[in-house]
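A short write-up of the structure that comes next.
For reference, positions follow the sequence shown, starting with 1.
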Amino acid sequence: MGIKTKKLKSVADLIANLKVDTAHKSGPCWFRGHSTEAWSLIPSYQRLKSPPPESVLRSRFKQNAHLLIPQATATDFDWMFIMQHYGVPTRLLDWTESPLAALYFTVCHQESKPGVLWALFPLVLNRLTTSKPEDVHHLPSFEDSILGNYSTLSVETNSQTGVLPMAVIATRNNPRIQAQLGVFTISHHTKQPIEEIGGGDHLVRYDVSADAKKRIREELKMLAVTKFQLFPELSSVGEIVREGLR
């Protein structure tokens with residue numbers, strides 16, 4: 001069948017297309033914005049050519065991070081979330097429940113390159129994965145036992161290949177993930193991009209030309225979809241002030 005592909009030139013185009021593309025799908029729809037069409041739907045850890053074991057990266061991070069983290073962090077997944085948050089490569093891929101947030105990431109970087117907005121039907125993806133949840137009508141969370149197969153320890157002690165990514169919800173335990181309505185897919189050993197799984201019924205691809213990016217950025221700004229809304233942090237406030245001086 002292949003992945004359905006459409007073009008976006010405005011926020012209105014996105015709304016009109018979503019009405020059609022989600023009309024006959026049950027369950028939620030997630031979104032991810034790529035500022036360049038060259039990127040695949042594969043997590044940062046699996047993009048590394050010769051990565052060290054994930055446990056090594058975690059140990060390096062934990063060595064100096066413990067005193068800087070106010071909340072208790074106990075599980076593999078807790079550390080994985082924090083590492084992802086601060087730019088350490090992990091097997092997580094960030095998605096959002098907000099199409100406007102994903103559109104912002106599509107158009108607000110690499111202005112001279114075409115971007116892609118992906119729409120994912122997570123329940124459809126989970127029916128394709130080899131680690132099928134018992135309840136195919138609801139999304140698992142990182143507290144569910146089935147996710148044990150994706151833990152750092154399990155992946156490093158089990159060389160099994162062919163285990164495909166799974167869509168998972170997580171506790172939104174920091175302001176950024178809450179502001180972005182963050183959700184995740186998590187990969188196993190298999191380095192298969194999500195767009196290459198199955199027949200493509202789990203995804204819709206919206207192409208955004210380089211020429212359309214400026215217009216969409218202006219429309220998002222009118223709708224108050226800005227960096228500060230998605231990154232409610234002091235660094236964003238500073239950037240807004242600097243932009244006002246130009």
Looking only at side-chain N and O atoms, does Ser40 offer a donor or acceptor that is under 3.5 Å from a partner on Glu195? yes
Quick one: are Leu41 and Arg32 in side-chain contact, heavy atoms under 4.5 Å? yes
If you define the side chain from C-beta out and look only at heavy atoms, does anything of Trp79 sit under 4.5 Å from Val88? no
Heavy-atom closest pair (Ser44 atom, Pro89 atom, distance to 0.1 Å) is OG-CA, 3.1 Å
Considering all heavy atoms of both residues, which atom of Met166 and which atom of Pro140 are nearest to each other, and what is their separation? SD-CG, 3.8 Å
Closest non-hydrogen atoms of Phe31 and Ala102, given as atom of the first, atom of the second and distance, are CB-CB, 3.5 Å
For Lys113, does the NZ atom have more than 12 heavy-atom neighbours from other residues, nucleotides or ligands under 6.0 Å away? no
Please determine which of Tyr104, Tyr206, Phe105 meets the side-chain contact (heavy atoms from CB on, under 4.5 Å) test together with Leu117. Tyr206
Within one Ile-Leu-Val-Met-Phe-Trp-Tyr cluster: Trp95 and Val204, side-chain cutoff 4.5 Å: no
Roughly how far, to the nearest 0.5 Å, is CD1 of Ile177 from OG1 of Thr96? 9.5 Å
Any side-chain to backbone donor/acceptor pair from Glu37 onto Val116? Under 3.5 Å, distance only. no
Shortest non-hydrogen pair, Leu139 vs Pro122, comes out as CD2-CB, 3.7 Å
Can you find a heavy atom in the side chain of His202 that is under 4.5 Å from one in the side chain of Arg127? no
Applying side chain to side chain contact (heavy atoms under 4.5 Å, CB included) to Arg47 and Ile42, what does each step give before you reach the verdict? CA-CA 7 Å; Arg47 295 183 205 138; Ile42 192 166; 3.7 Å; yes
Identify whether the distance between the nearest side-chain nitrogen and carboxylate oxygen of Arg172 and Glu97 falls below 4.0 Å. yes
CG (Leu93) and CZ (Phe184) are apart, to the nearest 0.5 Å, by 9.5 Å
Do the side chains of Val56 and Tyr45 join up, straight or via other hydrophobic residues, at under 4.5 Å, putting them in one cluster? no
Mind checking side chain to side chain donor-acceptor pair (under 3.5 Å) for Asn149 and listing every partner two or more places apart, or none if nothing turns up? Ser131
Just checking, is any N or O donor in the side chain of Thr90 or Gln84 under 3.5 Å from an acceptor N or O on the other one? yes
Please report the closest heavy-atom contact between Pro232 and Ala179, naming both atoms and the distance. CD-CB, 3.8 Å
Value for CG (Leu123) from SG (Cys29), rounded to nearest 0.5 Å, stands at 11.0 Å
Output for pair (Arg60 CZ, Asn64 CG), nearest 0.5 Å, gives 12.5 Å
Taking the ring of His188 and the ring of Tyr150, is the distance between their centroids below 6.0 Å? yes
How long is the gap from CD on Glu196 to NZ on Lys191, to the nearest 0.5 Å? 13.5 Å
Shortest non-hydrogen separation from Leu100 to Leu223 and the atoms involved: CD1-CD1, 4.5 Å
Single-linkage hydrophobic cluster Leu57~Tyr86, side-chain heavy atoms < 4.5 angstrom: yes
Path from Val124 to Ile3 over hydrophobic side-chain contacts below 4.5 Å: no
Indicate yes or no: at least one non-hydrogen side-chain atom of Ile194 is less than 4.5 angstrom from one of Trp118. no
Between Thr190 and Leu164 (side chain of the first, backbone of the second, donor and acceptor by atom type, cut-off under 3.5 Å), is there such a pair? no
Would you say that Phe77 contacts Ser151 through its side chain, given a criterion of any heavy-atom pair below 4.5 Å between the two side chains? yes
Taking the side chain as C-beta and beyond, is there a heavy-atom pair between Trp30 and Ile169 under 4.5 Å? yes
Do NZ/NE/NH1/NH2 and the carboxylate oxygens of Asp201 and Lys25 come within less than 4.0 Å? yes
Side-chain heavy atoms of Leu14 within contact of Pro99, under 4.5 Å: yes
Joint cluster assignment, Val225 & Leu181, ILVMFWY side-chain distance < 4.5 Å: no
Does some side-chain heavy atom of Thr22 sit less than 4.5 Å from a side-chain heavy atom of Phe121? yes
Please determine whether a side-chain nitrogen of the Lys or Arg among Asp13 and Lys6 lies less than 4.0 Å from a carboxylate oxygen of the Asp or Glu. no
Give a yes or no answer on whether the side chain of Glu219 reaches the backbone of Ser10 with a donor-acceptor pair at less than 3.5 Å. no
Under 3.5 Å donor-acceptor, Glu156 side chain and Ser55 backbone: yes
Would you indicate whether Lys62, at its atom NZ, is surrounded by more than 12 heavy atoms from other residues, nucleotides or ligands within a distance under 6.0 Å? yes
Rounded to the nearest 0.5 Å, what's the gap from CE on Met83 to CG on Leu92? Could you check? 9.5 Å
Quick one: does Arg91's side chain have a donor or acceptor within less than 3.5 Å of a partner on Ser187's backbone? yes
Using atom types as modelled and distance alone, determine if a side-chain donor or acceptor of Arg58 lies under 3.5 Å from a backbone N or O of Met80. no
